**Student:** 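Got a structure for you, written out below as structure tokens; questions coming shortly.
Everything numeric here is computed off the predicted structure, so don't read it as measured data. In what follows, chains carry the letters A, B, and so on, assigned in the order in which the sequence lines appear, proteins first and then strands, with residues in each chain numbered from 1.
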2 protein chains.
Amino acid sequence: MKKRLTLKLIAKELDVSISTVSKALRDSAEISEDTRQKIKAFAKLYNYKPNNIALSLKNRKTKTIGVIIPEIVHHYFTTVISGIEQVANEKGYHVIICTSNNSFDKEVINMEILANGSTDGFILSVAKETQQKGDYHHLTEVIEQGMPLVMFDRVIDEINCDKIIIDDTLGAKKAVKHLVDKGCRRIGLITTIDYVSVGKLRTQGYIDALNESNIAFDENLILKVEDFDHSESEIQSFLNNKHMDAVFAVNEHFAIYAIKAFQEQGLKVPEDVQVIGFTDGELSKRFIPSLTTINQHGEEMGAQAARLLIKKLENEDAEDEPFETIIIETGLVERNSTKG
Amino acid sequence: MKKRLTLKLIAKELDVSISTVSKALRDSAEISEDTRQKIKAFAKLYNYKPNNIALSLKNRKTKTIGVIIPEIVHHYFTTVISGIEQVANEKGYHVIICTSNNSFDKEVINMEILANGSTDGFILSVAKETQQKGDYHHLTEVIEQGMPLVMFDRVIDEINCDKIIIDDTLGAKKAVKHLVDKGCRRIGLITTIDYVSVGKLRTQGYIDALNESNIAFDENLILKVEDFDHSESEIQSFLNNKHMDAVFAVNEHFAIYAIKAFQEQGLKVPEDVQVIGFTDGELSKRFIPSLTTINQHGEEMGAQAARLLIKKLENEDAEDEPFETIIIETGLVERNSTKG
DNA sequence: GACCACTACGAAAACGTTTTCGTGTTGACA
DNA sequence: TGTCAACACGAAAACGTTTTCGTAGTGGTC
């Protein structure tokens, strides 16, 4: 096992001081051309690489971004990470990813650990449990310590920081209006219970679209799924005998369960009933029929989040600049679960 | 912006030396009960947390595992990460994830950066490009530096390190035998070109199963997909007029394209033709018909990889212990693309 | 010869820890 | 009174860098 080369070792080997070595490698004019060349040659030959940890300690910068997300086994979040990574790497940062598993405690612990020097700033999408609890002390703490924080997707209004969101309401409205345009009038909604902010917002978009289209709002056409694990059966029984001509679901799972349920009732999608989902994942693309859906542009969100964070990290003055909230536009992806 | 509390600040505030503070916080018997309590109370009050970077430098340990994978937007890899994270966190490690995007260069760069002190060891699945190139200098280098390396999934035989694999050959054999058991004789194979090791191994399993079942091997029933992006049309034309009674596909995408193609030919799955895939992703679960497939137990692989790595990291003697190769058993998940 | 300005380098502090070793102060004991 | 151990603490080195400042040596100028 080869020992890693350090400045000290080079110095000893070449019989100069540590400072000389350091300066030579950084091309300081203080060092004569001769010694500089000698040192650089030696360093190159033995493949010297500065130790990141020592640099971090010295510079009080880790060049690392901490990302905390609710789950990793989740297509949308991975696209966001992908966007973060690309921008981060371009700018010489690397990325530590932690998952909260939607647990408040794990979110807090992860943030605390990363905040103890491992990370210069955070990109975060909060856990469901955190939203329910309404306890945000871990967020305010890192902000008070001067660590920049960018929230995305599931953001918290009360917290003062940069945010990247999609306009869930507008996206949902877009979806429902599309259904209206295709001639639908009895449009069902399959959503989540209200404390999940996106569920709430998308529900609002549904309502807005109906209002603007002068379609009466009918409580009976709305299902708020209680338990994700049993959503399939909940949806199946909800869809019975409602005589809808369309359904808008707030995620792709609900959408395909809806399609499945309709097909079991002998209805054809999109001929008899049309379906739109939210989130453009693997499932939406490959399912048969493939799903018309709202694309959240996760990669773009990640990229913007990283850009915003790095801007705050690198620009000293940026500290006093007001916080931004960037809204990423949603896109409507037309596929085969709606009429062409 | 509050300054972070350090030992030095506490020392100054309480008018003792830095060493006293350090010892008191670590409950050293050297320090009198009185001062100890005083210091601990102060530290707690102002929420002192030791700086991880300083600790890393001092201990020459980062308590961090570097994970390098080809892609992050990929269900299987995320399950592996999930397993790694769970075990790592349990044992007080955190995880840095980098993606190579299947690029050799990016893989090399990522490893070099992480090896410069950011990480104690690596868990790696190599990029496709690396497999093609056959250039493994970055791997041998980190190993020579004494950093433990655990490879998973796509491993490289020539490299001497711990490995976690599934028995691709056996898994594939299992799948094909299942088809044989269901009465199939003309079984097609949809695989990748040979330099992707898993494609090769799974192809071997297919051949083994046929041999053992005394079914003649027919070159015409094998498709090696050249271009993933056009796999759908490749598969569609391949499947034309081959009169198969079953297909084994080496991943879930190929499997559903096969189903799609059959359905377009007016064949019913599983009644007329049965299909088995590999990798149990979202798609396999939700597709209609849901896919019978081989489960790779990604989470388990990740967990084992993390355990193996941490064992090497924590056990000084383990350094000389021989390298292990752990084979994770594949499981057959029966769903609706084969006959019940 | 006195003064000055360069040049080329080294010493040391700093980042925040831990740990080894040294030392001043007690009190006990002969 | 002198010796010694125990106690409680501090100084300093170390991890690997960067950077500020100090300085020995050289050569030129008057």
**Student:** A:S22 near the nucleic acid: base, sugar-phosphate alone, or nothing, with a heavy-atom cut-off under 4.0 Å?
**Tutor:**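 Base contact - A:S22 has a heavy atom under 4.0 Å of at least one base atom.
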**Student:** Using OP1 and OP2 only, check whether a side-chain N or O of B:R26 sits under 4.0 Å from C:dT17.
**Tutor:**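 Checking B:R26 against C:dT17: no side-chain N or O falls below 4.0 Å of OP1 or OP2.
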**Student:** In terms of side-chain heavy atoms of A:Y48, which of D:dC15, D:dT17, C:dG10 is nearest?
**Tutor:**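 Among D:dC15, D:dT17, C:dG10, the one nearest the side chain of A:Y48 is D:dT17.
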**Student:** Judged by each residue's nearest nucleotide on DNA chain C, which is more toward the 5′ side, B:N59 or A:S17?
**Tutor:**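 Nearer the 5' end of the strand: A:S17.
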**Student:** Going by modelled atom types, is there a donor-acceptor pair between the base of C:dT18 and the side chain of B:K58 at under 3.5 Å?
**Tutor:**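 Checked by distance alone, the answer is yes.
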**Student:** Please determine whether a side-chain nitrogen or oxygen atom of A:R60 lies at a distance below 4.0 Å from atom OP1 or OP2 of C:dG16.
**Tutor:**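 It does, given that an N or O in the side chain of A:R60 lies less than 4.0 Å from OP1 or OP2 of C:dG16.
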**Student:** Do B:S19 and D:dA11 share a donor-acceptor pair, side chain to base, under 3.5 Å?
**Tutor:**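 In this structure, the two groups form a donor-acceptor pair.
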**Student:** Would you call B:E324 and B:K311 a salt bridge, taking side-chain N to carboxylate O under 4.0 Å as the test?
**Tutor:**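 Yes, this pair counts.
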**Student:** With B:I96 as reference, evaluate B:T62, B:N110, B:L114, B:I113 under the side-chain contact (heavy atoms from CB on, under 4.5 Å) test and give the passing residue.
**Tutor:**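 The side-chain contact (heavy atoms from CB on, under 4.5 Å) with B:I96 is passed solely by B:L114 among B:T62, B:N110, B:L114, B:I113.
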**Student:** Which residue lies toward the 5' end of DNA chain C, B:K23 or B:P50, if each is placed at its nearest nucleotide?
**Tutor:**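 The 5'-side residue here is B:P50.
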**Student:** Does C:dA8 have OP1 or OP2 under 4.0 Å away from a side-chain N or O of A:T35?
**Tutor:**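 No.
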**Student:** Contact class for A:L55 (heavy atom, under 4.0 Å): base, sugar-phosphate, or nothing?
**Tutor:**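 Sugar-phosphate: the residue A:L55, judged by heavy atoms under 4.0 Å, touches backbone atoms but no base.
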